[in-house]
Amino acid sequence: MSPDLLPNALTTGILMATSFAVLLTMILALVRATLGPTVFDRVLALNMFGTKTVLLISVVSFVTGRSDFLDLALLYSLMNFIGIVALLRFTQYNSFSDSVTSSGESNQP
Amino acid sequence: MNFIVFAILALLAITAVAIAKLRELWAVIMFTGIYSFLSASWMIILDAPDVAFTEAAVGAGISTVLMLSTMALTGKAEEIPRKKSLVPLFVVIVTGATLVYGTLDMPHFGSPDAPVQVYPDPSFVKRSEADMHGLPNVVTALLASYRGYDTLGETTVVLTAGIAVLLILRRNDEKDEPTQLAGNKTP
Amino acid sequence: MTFESIAGLYNYWVVIFLMMTGFYIVLARKNLIKSVIGLNIFQTSVFLLYITMGKVEHGTAPIVPPAIAEQQSHASHGVGENAHAAIEHADEAHEVVHEVAHEVALTVADHGGELAHASTEIIYSNPLPSVLMLTAIVVGIATTALALALVVRIREDYGTVDEELILELDRGE
Amino acid sequence: MIDAIFAHLPILLIVLPLMAAPCCVLVGNGRAAYLLALVVSFAAFACSVAMLGETLQHHVVRYELGNWSPPYGIEYRVDIFSGFVMAFVSGIGAIVLVYAPLSVRDEIPASKHYLFYATYLLCMTGLLGMCVTGDLFNVFVFLEISSLSSYALISLGRTRRAPLAAFQYLILGSIGATFILIGIGLLYQMTGTLNMADIAARVPHEHGPRTVLVAFAFLTVGLCVKMAVFPLHTWLPNAYTYAPSVVTCFIAATATKVSVYAFVRLIFGIITPGFAFDVLPLDTELMLFSLVGIFIASIAAIYQNNVKRLLAYSSVAQIGYMLLGISMATPTGLSAGIVHMFNHALIKGGLFMVAGCFALRLGSVQLSDWKGAGRTMPLTAIAWAIGGLALIGVPMTAGFISKWLLLTSAFETGRWPIAVLMLVSSLLAVVYVWKVVETLFFSEPSEAAAGATEAPLRMLIPTYLLIGATLLFGVWTPYSAGIARQAAIVLLGGTP
């Protein structure tokens with residue numbers, strides 16, 4: 001690893017502080033997601049958790065000096081987005097599912 | 001770096017326990033996605049970005065969507081609370097204890113003279129430099145060359161799963177119902 | 001049990017805890033979807049076990065930085081030439097000669113070693129566990145997909161995804 | 001040209017069914033897919049017989065995939081034992097396919113036929129792949145191919161219990177596979193390699209055996225799930241009972257046998273018998289579990305009223321005999337275990353085929369519906385009687401050969417009680433076989449049986465092929481017990 005790819009002491013300190021803050025936020029989000037109480041608390045908390053993971057990956061990739069990991073962060077945010085959209089779709093069309101299954105049952109006379 | 005690792009490990013443990021405890025299935029599924037994200041993050045720190053990439057796409061992406069759509073098809077599924085039996089707990093504790101016992105003679109984490117790191121010599125990285133003429137990503141190089149046959153097997157697994165899902169979910173048309181239904185048949 | 005061995009093994013223990021949580025979910029849960037989820041957690045944790053094995057202290061991901069990779073591809077073509085020639089070679093062959101390439105080649109020239117060992121100072125973690133786990137992840141998702149298809153089928157036939165209710169229905173027949 | 005084919009036999013054996021499977025899907029027609037599967041399975045059978053011939057000459061045939069030499073690349077390593085297992089697995093696979101079409105038409109909707117044959121071929125690929133490979137992780141991959149396809153095949157049964165049985169098998173099977181994966185990982189960590197021969201050479205017996213011990217334990221438990229060894233057999237009765245007849249024939253005859261193969265490979269090829277039986281007291285544990293399994297499963301079989309379920313419990317018991325032979329670790333004992341894999345595959349395949357014939361004509365595998373069917377379907381019923389005799393181990397049948405070898409081995413090693421217990425357990429087999437024979441021949445015909453006609457020739461001929469083989473290999477043993485003995489000697493480190 002060439003020295004200029006690695007961050008210097010000050011940058012490292014800042015990056016460490018950042019990751020600490022991000023991790024703290026992640027823990028808080030996880031607590032909210034576990035406790036609930038409503039669906040929307042959870043969805044929000046989970047979404048936030050995903051976003052913070054993306055941040056954490058970015059920070060880590062700068063700490064280790066391998067900025068080629070940044071595309072991973074991109075993928076994570078994409079997956080987070082897909083997950084949340086799928087989840088919201090499900091909560092919105094909850095009733096839709098019933099009609100699907102009832103049509104499935106009607107196949108058996 | 002250390003505290004990041006500790007924090008991720010703690011978060012992983014909390015998530016796993018939360019998954020075991022929670023009853024609402026949709027929340028459990030989302031937590032499974034989170035679990036995949038977290039383990040993928042740890043994989044990055046453990047120098048396995050390719051696995052992290054795949055785990056994030058497959059574990060957090062595809063399997064979450066698959067599970068959510070299954071849940072959409074099976075309707076609202078909430079676990080029915082029941083009295084818990086102690087047998088599973090016992091089995092799990094015995095298995096876990098066995099594994100912990102097995103770790104006692106393991107080479108320590110990250111140890112440079114672990115068998116995994118010293119054998120084969122020259123290492124895969126060195127060998128692939130010569131064989132692959134400097135393909136930068138060694139994991140890809142290995143996947144397609146030395147262990148290419150495993151990759152063929154992996155593709156076959158996907159093919160099998162695809163055919164199997166078709167086989168299971170395909171609706172029977174009325175006309176090709178089996179000639180007889182279970183039970184009395186007199187030819 | 002010394003402190004050293006605790007520090008060296010706690011990673012594995014956490015992974016074991018995670019695996020066993022997944023295993024417990026599979027065994028204890030009667031909801032079919034939840035069993036599949038447990039299986040998922042169990043398998044993901046096994047991936048972590050493998051990846052933990054591949055990590056080496058002060059190592060980095062087994063992706064050779066582009067600069068060094070280019071240098072190496074030259075080196076592998078020109079085994080037998082001396083290091084000095086390689087520097088010249090690199091200079092004229094690439095318009096964008098990276099500093100890194102230069103440095104590495106210089107180090108090698110100092111040591112008088114062979115060019116094939118150009119990257120000795122970078123420690124790479126073992127790539128093989130990653131390769132195995134890429135295969136295992138795909139196998140895992142294939143199993144999940146199949147299991148979920150079966151769950152959908154069972155729900156169509158029985159109207160529930162709770163194992164005990166299903167068994168009751170079967171007994172009632 | 002012929003030389004080139006022979007040089008690539010090991011891979012050809014796998015690639016043929018593997019490539020035929022997507023072709024079956026692409027043609028999208030049940031009939032064409034069936035013909036393709038039939039041709040390919042016989043080609044695979046021919047390949048594996050040629051392969052067995054090679055191994056008998058050279059003892060070990062090695063094939064480096066992509067010319068990457070181990071420990072870097074994956075290596076195929078076929079010895080007499082794997083050649084033997086491959087030959088009978090592909091052979092039975094082919095014969096079951098000959099038997100299949102009428103039964104499949106009866107039990108599976110026509111729109112699914114081509115997918116069925118594709119999955120069947122994939123299952124065969126997985127099983128053969130497990131036998132041929134010399135790389136531990138590759139075993140896992142092929143194990144998953146065969147498992148996934150067998151889950152799908154089992155779920156095709158007519159009743160709604162079939163998908164449930166498949167699901168339960170999937171959960172248990174995946175737990176087993178994950179255990180195997182953990183075991184492979186621990187072994188890899190202690191040796192740094194995945195090639196079986198290489199692991200055997202590098203595995204530390206003196207220093208740090210605790211990890212190796214745990215790795216071995218996990219691999220054993222994982223394989224025991226797949227083998228359906230007694231306390232972990234719970235998936236098997238339901239899976240065999242509710243699967244379509246053809247699937248039961250194939251899986252009962254081959255899948256558990258291949259897992260036994262992998263287990264033998266693990267003990268004798270990787271961990272070495274010295275470690276497994278001397279450092280670990282595995283032989284006594286294995287013996288205990290197999291004996292308990294034999295008795296409990298045989299007794300359970302006696303109480304079954306569903307013939308397929310009866311045969312399934314009997315399968316659990318028969319696995320016990322195989323493990324009993326393996327755990328003795330003498331050339332005679334091991335060859336008894338190996339030859340019983342072959343003999344039991346023939347017998348159980350044949351008996352499940354008989355059950356399939358009755359299921360086709362009587363529409364049921366409940367014993368009550370089979371009453372008096374021996375009068376209207378005498379040929380099928382006689383096949384049951386012969387197969388039953390072989391299952392009990394009556395002289396002049398294949399079952400006798402393996403039990404005789406087991407007894408000899410028990411006497412050789414001075415384990416008298418085991419010999420006695422084996423004889424007693426054979427009496428239990430007499431009870432459950434007789435129960436069916438009595439129903440078939442000596443009771444008033446049930447409504448279904450009275451109007452039944454003899455099973456069609458297309459199903460009877462393959463059935464009699466397997467049943468006849470049990471008689472043939474009961475008197476003429478150079479190619480069953482003879483090869484098994486050579487395989488056992490090679491496994492124990494000698495030269496035949």
Item to check | Closest heavy-atom pair and its distance - Ile16(C), Gly96(B) | outcome: CG2-O, 3.9 Å

Next on the checklist: For the interface with chain C, which of Val91(B), Val87(B), Ile168(B) has the highest count of heavy-atom pairs at distances below 4.5 Å?
Outcome noted: Ile168(B)

Checklist entry - Of the listed residues (Ile25(C), Val131(C), Val151(C), Leu132(C)), which shares the most heavy-atom pairs with chain B below a 4.5 Å separation? => result Val131(C)

Next on the checklist: Which one wins on heavy-atom pair count under 4.5 Å against chain B: Leu165(C), Val15(C), Val138(C)?
Outcome noted: Val138(C)

Checklist entry - With distance as the sole test, does Arg29(C) use its side chain to make a donor-acceptor pair with the main-chain N or O of Ala20(B) at under 3.5 Å? => result yes

Next on the checklist: Under a 4.5 Å cutoff for heavy-atom pairs, which residue among Asp50(B), Ile19(B), Thr151(B) has the most contacts with chain C?
Outcome noted: Ile19(B)

Item to check | For Ser39(B) against Thr44(C), the heavy-atom pair lying closest together | outcome: OG-CG2, 3.5 Å

Checklist entry - Considering only heavy atoms, which portion of Val17(B) lies under 4.5 Å from any heavy atom of chain C: side chain, backbone, both, or neither? => result both

Checklist outcome for this item: In terms of heavy-atom pairs under 4.5 Å with chain C, the winner among Glu154(B), Glu55(B), Met43(B) is Glu154(B)

Checklist entry - Distance from Leu73(B) atom CG to Leu68(B) atom CG, nearest 0.5 Å? => result 11.5 Å

Checklist entry - When heavy-atom pairs shorter than 4.5 Å are enumerated against chain C, which of Thr15(B), Leu12(B), Ile29(B), Thr140(B) gives the highest number? => result Leu12(B)

Checklist outcome for this item: Ile63(C) and Tyr124(C) have their tightest heavy-atom pair at O-CE2, 4.0 Å

Checklist outcome for this item: If one checks every heavy atom of Ser123(B) against chain C at 4.5 Å, the contacting part turns out to be neither

Checklist entry - Measuring heavy-atom distances to chain C, does Ala114(B) have an atom under 4.5 Å in its side chain, in its backbone, in both, or in neither? => result neither

Checklist entry - Given a strict heavy-atom distance threshold of 4.5 Å, which part of Val56(C) is in contact with chain B: side chain, backbone, both, or neither? => result both

Item to check | chain B contact via Asn40(C) - which portion, at a heavy-atom distance below 4.5 Å | outcome: side chain

Next on the checklist: Working to the nearest 0.5 angstrom, can you tell me the gap between Leu25(B) CG and Thr74(B) OG1?
Outcome noted: 8.0 Å

Checklist entry - Contact part of Leu128(C) toward chain B, heavy-atom cut-off under 4.5 Å: side chain, backbone, both or neither? => result both

Next on the checklist: For the interface with chain C, which of Thr160(B), Leu89(B), Asp150(B) has the highest count of heavy-atom pairs at distances below 4.5 Å?
Outcome noted: Leu89(B)

Next on the checklist: Return the CG to CD1 distance between Leu146(C) and Ile163(B), rounded to the nearest 0.5 Å.
Outcome noted: 11.5 Å

Checklist entry - Which bit of Leu169(B) is near chain C, if near means a heavy-atom gap under 4.5 Å: side chain, backbone, both or neither? => result side chain

Checklist entry - Nearest heavy-atom pair of Gly140(C) and Gln43(C): which atoms, and what distance? => result CA-OE1, 3.7 Å

Next on the checklist: So does Gly54(C) get a backbone contact from the side chain of Gln117(B), meaning a donor-acceptor N/O pair under 3.5 Å?
Outcome noted: yes

Item to check | Asp47(B) bridged to Lys55(C) by N-O distance under 4.0 Å | outcome: yes

Checklist entry - Does any heavy atom of chain B fall under 4.5 Å from the side chain of Val26(C), the backbone, both, or neither of them? => result neither

Next on the checklist: Can you classify the ring geometry of Phe23(C) versus Phe42(C) as parallel (below 30°), tilted (30 to 60°) or perpendicular (above 60°)?
Outcome noted: parallel

Checklist outcome for this item: Turns out that what part of Ser45(C) lies under 4.5 Å from chain B's heavy atoms comes down to both

Checklist entry - Tell me, side chain or backbone of Ile154(C) under 4.5 Å from chain B's heavy atoms, or both, or neither? => result neither

Item to check | Among the listed options Thr143(C), Val36(C), Thr135(C), Leu150(C), the residue most often paired with chain B at heavy-atom distances under 4.5 Å | outcome: Thr135(C)

Checklist entry - Quick one: which of Val158(B), Leu66(B), Val157(B) gives a side-chain contact (heavy atoms from CB on, under 4.5 Å) with Ile141(C)? => result Leu66(B)

Item to check | CZ on Phe47(C) to CE on Met133(C), rounded to 0.5 Å | outcome: 6.5 Å

Item to check | Leading residue by heavy atom contact count with chain C [cutoff under 4.5 Å; candidates Leu99(B), Ile93(B), Thr155(B)] | outcome: Leu99(B)

Item to check | Check: Phe6(B) ring centre within less than 6.0 Å of Tyr10(C) ring centre | outcome: yes

Checklist entry - Considering only heavy atoms, which portion of Ile51(C) lies under 4.5 Å from any heavy atom of chain B: side chain, backbone, both, or neither? => result both

Item to check | Among Val14(C), Ile41(C), Val152(C), residue most engaged with chain B (heavy-atom pairs, under 4.5 Å) | outcome: Ile41(C)

Checklist entry - So what's closer than 4.5 Å to chain C heavy atoms on Pro122(B): side chain, backbone, both or neither? => result neither

Item to check | Interface moiety of Thr21(C) toward chain B, non-hydrogen atoms closer than 4.5 Å | outcome: side chain

Item to check | Side chain / backbone / both / neither for Thr144(C) at chain B, heavy atoms under 4.5 Å | outcome: side chain

